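Worksheet: one structure, shown below.
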Amino acid sequence: MTLLPKNKITDLQPEKAQGNQLFPVFLKLDNLHTVLVGGGNVGLEKLTALLQNSPAAAVTVISKTFLPEIHVLAADFLQLNIIQKPFVDTDLDGADIVIAATNDSELNSYIRQSAHDRKLLINVADKPDLCDFYLGSIVQKGDLKIGISTNGKSPTIAKRLKEVLNEALPAELDISLQQMSDIRNKLSGDFTHKVKELNRVTAVLVGRQKPPSNKKLMLLVWGTFIVFLGITLTALWLKEPVFRTYVEGINPFFYYFLVAGFVFALIDGAIGMSYGVTSTTFSLSMGIPPASASMGVHLSEILSNGIAGWMHYRMGNVNWKLFKLLLIPGIIGAVTGAYLLSSLEHYSQYTKPVVSLYTLILGSVILLKAINLNRKRTSAKIKNIPLLGLGGGFIDAVGGGGWGSIVLSTLIAGGRHPRFSLGTVKLSRFFIALMSSLTFITMLNGAHWESVAGLIIGSALASPVAARISNKISAKAIMFSVAVIVIIISLRSIANFIIKVI
């Protein structure tokens, strides 16, 4: 839709043509008849590419033999016609486009000559010099489709670029396309006016969206943390005399929780979830009451998530609209859950198996997510983000974890971009953990500070590393391991409670 400036016309000179001179087009294959010759691996690859991009494409495949996968495709795509016979030139009489994908170079040359005799365009597999057109790598986000060509030089590079763009382009682009279509249909005036108006509306796409300034966000995060630290230290000084002499005799628990906090934070950075559930499960197995365990988890998550959120912000991984929708409801839910759990601290012998049952359920959820990790996400996005934040914050405070397992996994399963969802959830988690921790400190008269300190320092040390490895580690094996460990420890805790009751 962009008009070509007059001063650019002079650039279109034959002697200036260089590099990739292919002219990209997008064909309506459902209105054309494509003849594909070849039923082997290469033929299957070409056929799959055609049907993935144009499921309604009318394709005839001719070959003496066929792979079983092609018969499976023929059963799913009714407009796909397979003919088991040797190729003859009359097979192209009704064709619009031809693809030669046999392992016989002489036959491919014969097919090419037959196509050119009928003035048909042909693609010859793995022979760029014999092709009239190439089948490039395709990136698709809804109605947006981007073709990638290396001028036949390196299909592997095209494939890698496709992977990069698939990851980098947000799924929200399809919504923008639909909105632009509505705007375009409502515009009045001549062609020039419409082009100018659409250029004005879409100017934001070529300009970088400026995130909040580094200084302001840094002051907000660290200023909030310093205020919280001051309140916490004051409360500890007034309510916990043992805290004053804590450094004189460090409990061995500190070292156990230091290592545990570091490991759990690394796992959380790799898969975007499970810090809360692993830390809570570990704390309960070490004899920490549920409210104190949840407080320890949330206290340690303040610094670790503040660091991780800052790192994700610096890497541009935060969706600010999503952040605003999650923040306030999440805080309300977390404070309510922390208040409720703290009120029941005297009944910890009863609340502990309930929390263990919750961690058992979360472990099962993580296991199912590991099994379904590579399956395609649904295209239907979750609509009520504030309700998700409210419920996630409440359950997270009561169970000592679950914000990542519930909120992050729901956002990703609902079609949200994984990288932006992870960064947003991490940054919002800082504020939610802060408020729930203040609630716990205000409500509880005693706590296991050696475990709290260990988790805080261990997770803080791991956070900068965890944020950077979030996109570099295969998550499936880690999720399986975490899920199995959590399930086993939770079952052990529940079994011990049943034995005591009996």
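On a predicted model such as this, the values are computed, not experimentally measured, just so you know. FYI, side chains are in, hydrogens and waters are out, and symmetry mates aren't considered; it's all heavy atoms of this structure.
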Nearest heavy-atom approach of Pro386 to Pro329 is O-CB, 3.1 Å

Ser428 side chain to Val425 main-chain N or O, any donor-acceptor pair under 3.5 Å? yes

Under the criterion side chain to side chain contact (heavy atoms under 4.5 Å, CB included), I'd like the reasoning laid out for Tyr110 against Phe87: C-alpha separation, chi angles, the key distance, then a yes or no. CA-CA 10 Å; Tyr110 176 67; Phe87 173 81; 3.8 Å; yes

Measure the shortest side-chain to side-chain distance between Leu73 and Leu44 over non-hydrogen atoms and say whether it is less than 4.5 angstrom. yes

Can you sort out the partners of Asn53 under side-chain hydrogen bond (donor to acceptor under 3.5 Å, both in side chains), two or more places apart, ordered by chain and number? Lys145

I want to check something: taking the side chain as every heavy atom from C-beta on, are Val61 and Asn81 in contact at a cut-off of under 4.5 Å? no

Who are the ring pair (Phe, Tyr, Trp, His ring centres under 6.0 Å) partners of Phe323, not counting sequence neighbours? Trp320

Can you name the nearest heavy-atom pair linking Ile70 to Gly40, along with the distance? CD1-O, 4.5 Å

At their closest point, which heavy atom of Ala101 faces which heavy atom of Lys46, and how far apart are they? CB-CG, 4.3 Å

Does Phe133 reach the side chain of Ile97, with side-chain heavy atoms less than 4.5 Å apart? yes

Asn123 side, atom CG; Leu50 side, atom CG - distance, nearest 0.5 Å: 9.0 Å

Please check this pair: side chain of Asp132 against backbone of Ile122, looking for a donor-acceptor N/O pair closer than 3.5 Å. yes

Side chains of Ile99 and Val37, heavy atoms from C-beta outward: is any pair under 4.5 Å? no

Spacing of Leu491 atom CG and Ile498 atom CD1 [to the nearest 0.5 Å]: 9.5 Å

How would you list all residue pairs meeting side-chain hydrogen bond (donor to acceptor under 3.5 Å, both in side chains) that involve residues 92-109, not counting sequence neighbours? Asp93-Arg118, Thr102-Asn108

Return each pair, listed once, that meets side-chain hydrogen bond (donor to acceptor under 3.5 Å, both in side chains) where at least one residue sits in residues 33-45; pairs must be two or more places apart or across chains. His33-Thr60

Side chains of Gln84 and Ile62 in contact at under 4.5 Å (non-hydrogen atoms): no

Roughly how far apart are Gln113 CD and Asp117 CG, rounded to 0.5 Å? 4.5 Å

Output the distance between atom CG (Leu327) and atom CD1 (Ile385), rounded to the nearest 0.5 Å. 13.5 Å

Ser63 side chain vs Gly38 backbone, donor-acceptor pair below 3.5 Å: no

All pairs passing ring pair (Phe, Tyr, Trp, His ring centres under 6.0 Å) where residues 35-73 contributes a residue, at least two apart: Phe66-His71

For the atom pair CG (Asn319) and CG (Leu326), what is the distance rounded to the nearest 0.5 Å? 9.0 Å

Under 3.5 Å donor-acceptor, Arg112 side chain and Leu130 backbone: yes

Partners meeting salt bridge (Lys or Arg N to Asp or Glu O under 4.0 Å) with Lys85 (sequence neighbours left out): Asp91

Does any part of the side chain of Ile111, heavy atoms only, come nearer than 4.5 Å to the side chain of Val98, both counted from C-beta? yes

Do the non-hydrogen side-chain atoms of Ile148 and Ile138 ever get within less than 4.5 Å of each other? no

Partner of Gln79 by side chain to side chain contact (heavy atoms under 4.5 Å, CB included), out of Leu29, Leu51, Asp30: Leu51

Nearest 0.5 Å please: distance from the CD1 atom of Ile332 over to the CD1 atom of Ile432. 10.5 Å

